[in-house]
Number of protein chains: 2
Amino acid sequence: MDIEARPPQTTQQYVLEQLRRAILTGQLAPGSAIRQDALAEQLGVSRVPIREALKILEGEGQVIYRPRRGYMVAELALEDFLEVYRIRQILEEEAVRRAIERITDEDIQRLQDAHADVVAAGQAGEIVAMAAANRRFHFTLIDAAGMPRLRRFLSILWDASDVYRSLYYSEESNRERVEREHQGIIDAVRARDTEDLIRRLGEHRAGTVATFREFMARQDD
Amino acid sequence: MDIEARPPQTTQQYVLEQLRRAILTGQLAPGSAIRQDALAEQLGVSRVPIREALKILEGEGQVIYRPRRGYMVAELALEDFLEVYRIRQILEEEAVRRAIERITDEDIQRLQDAHADVVAAGQAGEIVAMAAANRRFHFTLIDAAGMPRLRRFLSILWDASDVYRSLYYSEESNRERVEREHQGIIDAVRARDTEDLIRRLGEHRAGTVATFREFMARQDD
DNA sequence: ACAAGTAATACTGGATCCAAAATACAATCG
DNA sequence: CGATTGTATTTTGGATCCAGTATTACTTGT
């Protein structure tokens, strides 16, 4: 027998999930204060697991903490977004450089599968599923690098910069661009062509950044 | 008036400092379990601030957490150290690229001051002070980039990879090398020569890594 | 009517208490 | 004698309670 025991879901983990979701979907708006006991009542738990979950989010930079003042959801201006996204790109580049040296055919298959999920979700118009599949796509590549700490950082950065994803994926043209670029990335991985892969990732990012700049400009009307 | 109020020191912040110190100095050995109530009694506080501090350290990767099993100090094998150090280098490189475009003469003066502190501490044989001054040196440059999130990540990575510093600075030859390389970095900053600066940082890192490899090889006797 | 000072209120930080899970240990059975 | 199951102890996770601080509202004086 070699059964992997299911890690028991503790209350703080549950709270953490709920908080992440609320922040991601904007139910907890950026800049708004987080009232601990209101949240506790709402989720039907005490304030202790709330506090501990908030400490983790603080460490990830998702919420801002001021002693005796409490927590508020971190705001992410365009400038901040670009900073996070830039860091993410640098680290992802390092990850894929290693990954391409060690990646197996099996991994590449998973990459292709994840991409298929992205396309399917996109055609079905399921924004959340598409974002999730997209994350899986990128992290399949990142995981192949075998750098657990780098992976952890990228995971945090990903969540932190994924705030506007629903705006993003809701545009047909963006979905098409993502699909096209992903396939190019897969091809580069198959060919084990590092420089081509890096170049494509760079373009992938440039396209995303350009899109966001447009969004933000449009917001300022 | 625009006075920034000093945030009052809360108990968890105190606990956090103590824990960091204990981990850094090895009083809490890597791999050892952290007993919460023992710690609470030792520091004269309740378990609540202990737990919250541990949650922060968990987020930084300094301790490992398993639900219902508790916390243990993260172990850092050579391989892990190299990974952390590599990430640190990549991010520092990005930071200094930006920094060199925006750095003021005043900043450069602070850089020179920090370096003087490194040298002074080194000659006095004060390892801890030397490590602190060294940290200040690097972060003076990093701060000039004006990328707060990048700075935060670097700060975490710095702490996480600074475990062996006492072994490191205790060698005369290393101290001399650090001093020499730092001066070279300052010169490159003064000349606003980005590529030279990057090159020197790369060498700085290579030297450190080589030193650590020797250490670890020696450990295996 | 407006500003300043004061009192009331709300919310966070910390301590204690209780329950549940994990580990260590002992007893019993093959 | 070894293994397995049952029990006791340890330790963590969560809830409630209390104290201290910040914010808000109100009152009073100019």
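Order of the sequence lines fixes the chain letters, A, B, ..., with proteins taken first and strands second; residue numbering starts at 1 for each chain.
- For B/Arg69, a side-chain nitrogen or oxygen approaches OP1 or OP2 of C/dT23 to under 4.0 Å.
- One atom, CZ of B/Arg51, and another, P of D/dA15, lie 10 Å apart when rounded to the nearest Å.
- Remark: A/Tyr65 is in phosphate contact with C/dG13, judged by side-chain N or O atoms under 4.0 Å from OP1 or OP2.
- Between A/Arg175 and A/Glu179, no side-chain nitrogen of the basic residue sits less than 4.0 Å from a carboxylate oxygen of the acidic one, so the salt-bridge criterion is not met.
- Computed from coordinates, the B/Tyr71 OH to C/dA22 P distance equals 16 Å when rounded to whole Å.
- Among pairs with a residue in residues 33-51 of chain B, those fulfilling salt bridge (Lys or Arg N to Asp or Glu O under 4.0 Å) read A/Glu52-B/Arg51, at least two apart in sequence or across chains.
- The stretch residues 76-91 of chain B participates, sequence neighbours left out, in these salt bridge (Lys or Arg N to Asp or Glu O under 4.0 Å) pairs: A/Glu94-B/Arg86, A/Arg149-B/Asp80, A/Arg149-B/Glu83.
- In the helix from C/dA1-D/dT30 to C/dG30-D/dC1, the end axes, each obtained as the rotation axis mapping the C1' atoms of four pairs onto the next four within a five-pair block, lie 10° apart to the nearest 10 degrees.
- Per the geometry, OH belonging to B/Tyr14 stands 19 Å off P belonging to C/dG13, to the nearest Å.
- Atom CD in B/Glu52 sits roughly 12 Å away from atom P in C/dT12 (whole-Å rounding).
- Residues satisfying the side-chain contact (heavy atoms from CB on, under 4.5 Å) criterion with B/Glu17, sequence neighbours excluded, are B/Gln9.
- At C/dG14, one or more side-chain N or O atoms of B/Gln12 fall inside 4.0 Å of OP1 or OP2 (strictly under the cut-off).
- As rounded to whole Å, 9 Å separates atom P of C/dA15 from atom CD1 of B/Ile50.
- In this structure, A/Thr140 has no side-chain hydrogen bond (donor to acceptor under 3.5 Å, both in side chains) partners at least two apart in sequence or on a different chain.
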Return the polar atom pairs (N/O with N/O) between nucleotides 18-20 of chain D and the protein under 3.5 Å, or none.
none

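- Within residues 34-42 of chain A, the residues approaching DNA chain C are A/Ile34, A/Arg35, A/Gln36, by heavy-atom distance under 4.0 Å.
- A/His115 pairs by the ring-ring contact (aromatic ring centres under 6.0 Å, His included) definition with A/His182, not counting sequence neighbours.
- Partners of A/Glu60 by side-chain hydrogen bond (donor to acceptor under 3.5 Å, both in side chains), not counting sequence neighbours, listed by chain and number: A/Arg20.
- For A/Thr11, a side-chain nitrogen or oxygen approaches OP1 or OP2 of D/dG14 to under 4.0 Å.
- A heavy-atom distance below 4.5 Å is found between the side chains of A/His138 and A/Asn134.
- Residue A/Ser46 places none of its side-chain N or O atoms closer than 4.0 Å to OP1 or OP2 of D/dG14.
- Each of A/Arg66 and A/Val45 lies near DNA chain D, and the nucleotide nearest A/Val45 is the one positioned closer to the 5' end.
- Cation-pi contact between A/Lys55 and A/Tyr71: absent, since separation from the ring centre below 6.0 Å together with deviation from the ring axis within 45° is not met.
- Contacts classified as salt bridge (Lys or Arg N to Asp or Glu O under 4.0 Å) and involving residues 122-138 of chain B (residues at least two apart or in different chains) are given here: B/Asp117-B/Arg136, B/Arg135-B/Asp159.
- Remark: A/Gln109 engages A/Asp113 in a side-chain hydrogen bond (donor to acceptor under 3.5 Å, both in side chains) (not counting sequence neighbours).
- Within the structure, no pair that satisfies the ring pair (Phe, Tyr, Trp, His ring centres under 6.0 Å) test touches residues 13-45 of chain A, not counting sequence neighbours.
- The separation between B/Leu16 atom CG and C/dG14 atom P is 12 Å, rounded to whole Å.
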